[in-house]
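Residue numbers start at 1 and run along the sequence shown. Since the model is a prediction, treat every value here as computed from it, not as a measurement. Whatever order the structure lists them in is the order used to number ligands and atoms, beginning at 1.
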Amino acid sequence: MSLYCGITRRRKSFWCCRLLSTYVTKTRYLSELKEDDDACKKAQQTGAFYLFHNLAPLLQKSEHQYLAPQHSLLELERLLGKFGQDMQTIEDSVLIGCSEQQEAWFALDLGLNSSSSINASLQKPEMETELKGSFIGLRKALFQLNVKDASLLSTAQALLRWHDAHQFCSRSGQPTKKNVAGSKRVCPSNKIIYYPQMTPVVITLVSDGTRCLLARQSSFPKGMYSALAGFCDIGESLEEAVRREVAEEVGLEVERLQYSASQHWPFPNGALMIACHATVKPGQTEIQMNLRELEAAAWFSHDEVATALRKDNPSYQQQNGAFPFWLPPKLAIAHQLIKEWVEKPTCSILPA
Ligand SMILES: NC(=O)c1ccc[n+]([C@@H]2O[C@H](COP(=O)([O-])OP(=O)(O)OC[C@H]3O[C@@H](n4cnc5c(N)ncnc54)[C@H](O)[C@@H]3O)[C@@H](O)[C@H]2O)c1
Ligand SMILES: [Mg+2]
């Protein structure tokens with residue numbers, strides 16, 4: 001017994017003294033900032049701010065891509081002062097991450113119609129000149145950002161949007177108050193805590209063993225086809241959501257399902273995209289398209305898909321008036337799912 005205790009003690013001290021990895025240190029720092037308002041306020045002093053206006057991020061154009069500039073608290077205070085804005089606006093900022101050196105990153109929207117920023121929407125062009133950038137819709141800019149900025153700005157936009165839409169307690173009707181990091185809102189009258197939410201969405205690449213099924217909605221850019229996507233219903237498992245969505249949209253029953261990857265997606269209101277491969281029952285490949293949801297759906301050969309993957313978004317129209325077939329850009333999980341199938345078409349017919 002005593003020997004056992006000795007080993008346990010030695011192990012414990014080993015774990016406590018072990019140098020934590022940068023990732024673990026960073027994660028724990030962020031978790032501390034979410035729980036400790038004073039620590040988070042302190043982090044703002046040395047932190048960096050990403051600016052938004054009505055949920056459009058401030059961006060600077062650099063050759064073929066956009067860059068997301070950072071601003072210090074001092075620069076932000078100077079900007080707010082110059083435009084006669086209330087310094088309290090800074091309290092609306094939300095924590096979105098930190099660097100490896102533990103410089104905290106925040107996002108702040110200068111244009112949302114909270115009481116402290118009511119005049120800001122009038123000053124957008126002047127602010128853009130002052131900040132040497134433009135506030136550009138994320139849908140337009142997302143695919144011209146590097147992976148780090150795309151991920152940070154997607155998180156930031158989803159969090160800012162959630163706070164803007166959850167200003168009041170749904171039970172008491174009283175204004176809710178955010179913590180400094182913006183990881184929750186609390187109703188002062190009944191202490192109900194609201195946490196930011198995202199909606200689970202399944203995205204499925206259906207295969208019949210040799211071909212894959214791609215579809216388009218009328219709202220997609222012309223010529224672009226993607227895997228089948230759909231919001232999970234309440235109470236559903238991931239598997240049930242995939243089966244239902246495929247049945248609803250193209251009238252087919254899938255039988256084998258394999259999880260591939262997931263991705264946070266900022267549209268329409270912050271979704272967790274869960275990507276899967278699935279196969280249809282042998283011989284059951286006749287598409288019965290749901291016209292309320294889709295404009296077109298078809299089976300595509302391996303060659304057709306592999307060729308389309310190599311092309312960028314073609315903005316030209318063919319002579320017959322049709323638009324060439326193309327696939328979602330690299331950053332979208334749909335692209336990754338399709339690429340995975342092209343590289344290994346059997347990935348969707350492995351036993352689940
Ligand atoms: N990142 C990617 O690669 C990728 C690819 C395709 C689709 N998507 C995303 O997936 C999302 C869902 O795809 P879809 O539009 O085909 O879904 P869908 O097939 O479930 O159809 C959308 C309809 O579902 C209903 N709906 C049910 N729950 C909803 C909820 N929580 N929020 C909004 N609408 C809800 C609405 O009537 C809406 O019109 C899209 O918004 C799109 O942005 C992402
Ligand atoms: Mg759909």
Side-chain angles (χ1 to χ4, degrees), residues 55 137-145 147 149-155 157-158 161-162 164-166 170 195-207 212-254 257 259-278 287-298 300 305 308-309 312-313 325-342 348:
L55 299 176
L138 196 54
R139 262 187 202 276
K140 189 173 165 222
L142 192 66
F143 300 115
Q144 289 178 62
L145 289 166
V147 175
D149 283 352
S151 164
L152 264 182
L153 297 184
S154 295
T155 304
Q157 193 202 53
R161 182 189 279 116
W162 181 84
D164 188 47
H166 291 80
S170 57
Y195 293 100
Q197 288 167 346
M198 47 183 185
T199 314
V201 173
V202 287
I203 176 158
T204 314
L205 187 64
V206 178
S207 162
C212 76
L213 198 163
L214 298 170
R216 52 172 282 106
Q217 296 177 2
S218 54
S219 58
F220 284 9
K222 300 277 180 226
M224 192 190 87
Y225 279 72
S226 186
L228 300 173
F231 292 94
C232 294
D233 277 352
I234 203 146
E236 261 180 347
S237 69
L238 177 58
E239 293 82 353
E240 287 164 342
V242 168
R243 272 194 94 202
R244 178 186 52 75
E245 274 297 329
V246 175
E248 269 179 22
E249 299 198 348
V250 290
L252 292 170
E253 271 198 57
V254 291
L257 204 146
Y259 169 78
S260 166
S262 66
Q263 172 188 54
H264 171 257
W265 190 242
F267 317 116
N269 295 312
L272 175 64
M273 303 292 307
I274 305 146
C276 298
H277 293 279
I287 297 171
Q288 303 265 336
M289 196 172 68
N290 183 339
L291 290 167
R292 268 178 304 159
E293 303 208 19
L294 299 176
E295 185 182 75
F300 290 83
V305 179
L309 263 188
D312 282 336
N313 166 8
F325 162 57
W326 61 285
L327 297 166
K330 282 198 183 80
L331 207 69
I333 200 159
H335 182 103
Q336 299 304 324
L337 198 57
I338 296 166
K339 185 164 174 268
E340 206 167 50
W341 180 79
V342 162
S348 55

Any idea which protein heavy atom is nearest atom 14 (P) of ligand 1, and the distance to it? Gln217 NE2, 3.6 Å
Less than 4.0 Å is my threshold; does some heavy atom of Glu248 fall inside it relative to ligand 1? no
List the closest protein heavy-atom neighbour of atom 19 (O) of ligand 1: residue, atom name, distance to the nearest 0.1 Å. Glu249 OE2, 2.7 Å
I'd like to know if the Mg ion (ligand 2) has an N/O/S atom from Ala229 within less than 2.8 Å of it, counting both backbone and side-chain atoms. yes
Looking only at protein heavy atoms, which one is nearest to atom 21 (O) of ligand 1, and how far off is it? Glu293 OE1, 3.9 Å
My question is simple, although I want it checked carefully: is atom 44 (C) of ligand 1 less than 4.0 angstrom from any protein heavy atom? yes
Closest to atom 34 (N) of ligand 1 (judged by heavy-atom distance), picking from Trp265, Phe267, Phe231: Phe231
Take atom CZ in Arg243; do more than 12 heavy atoms of anything else shown fall under 6.0 Å from it? no
Sorted by first residue and then second, give each ring-ring contact (aromatic ring centres under 6.0 Å, His included) pair with at least one member in residues 225-246; sequence neighbours left out. Tyr225-Phe300, Tyr225-Phe325
Heavy-atom contacts with Glu245 under 4.0 Å: which atoms of ligand 1 show up? List them by number with element. 19 (O), 20 (O)
Do me a favour and list the nearest non-hydrogen protein atom to atom 18 (P) of ligand 1 with residue, atom name and distance? Gly230 CA, 3.6 Å
Backbone, side chain, both or neither: what part of Gln263 comes under 4.0 angstrom of ligand 1, heavy atoms only? side chain
Write down the atom of Leu294, the atom of Glu249, and the distance for their closest heavy-atom approach. CD1-O, 3.6 Å
If you scan protein heavy atoms around atom 7 (C) of ligand 1, the nearest is Ala229 CB, 3.6 Å
Among protein heavy atoms, which sits nearest to atom 8 (N) of ligand 1, and what does the distance come to when rounded to 0.1 Å? Met273 CE, 3.6 Å
Geometric class of the His166/Trp162 ring pair [parallel <30°, tilted 30-60°, perpendicular >60°]: parallel
Out of curiosity, is Pro328 lining ligand 1, as in a heavy atom under 4.0 Å away? no
Kindly state if atom 38 (C) of ligand 1 has a protein heavy atom within a strict 4.0 Å cut-off, that is, under 4.0 Å? no
Short check: is a protein heavy atom less than 4.0 Å from atom 12 (C) of ligand 1? yes
Please tell me whether Ser260 and Gln336 have a donor and an acceptor in their side chains that are separated by less than 3.5 angstrom. no
Does the side chain of Leu272 reach to within under 4.5 Å of the side chain of Thr199, using non-hydrogen atoms? no
If you compare all heavy atoms of Lys339 against all heavy atoms of Leu309, which two are closest, and at what distance to 0.1 Å? CA-CD1, 3.5 Å
Looking at Thr199, which atoms of ligand 1 are within less than 4.0 Å of one of its heavy atoms? 31 (N)
Short N/O/S contact of Glu249 with the Mg ion (ligand 2) (below 2.8 Å): yes
Contact summary for Ile287 and Ala298, nearest pair of heavy atoms: CD1-CA, 3.7 Å
How far is atom 3 (O) of ligand 1 from its nearest protein heavy atom, and which residue and atom name does that atom have? Ala334 N, 2.9 Å
Scanning both residues in full, the closest heavy-atom pair of Leu142 with Ser154 reads CD1-OG, 3.6 Å
If we ignore hydrogens and angles and just use 3.5 Å, is the side chain of Arg216 paired with the main-chain N or O of Ala296 as donor and acceptor? no
Nearest option to atom 10 (O) of ligand 1, as decided by whichever heavy atom of Val201, Leu327, Ile333, Ile203 sits closest: Val201
Is it the case that the side chain of Thr155 and the backbone of Ser151 share a donor-acceptor pair, with hydrogens and angles ignored and the cut-off at 3.5 Å? yes
Polar side-chain atom of Asn290 near backbone of Val250 as donor-acceptor pair, under 3.5 Å: no
Suppose we measure from atom 41 (O) of ligand 1 to each protein heavy atom; which comes out shortest, and what is that distance? Pro268 CD, 3.3 Å
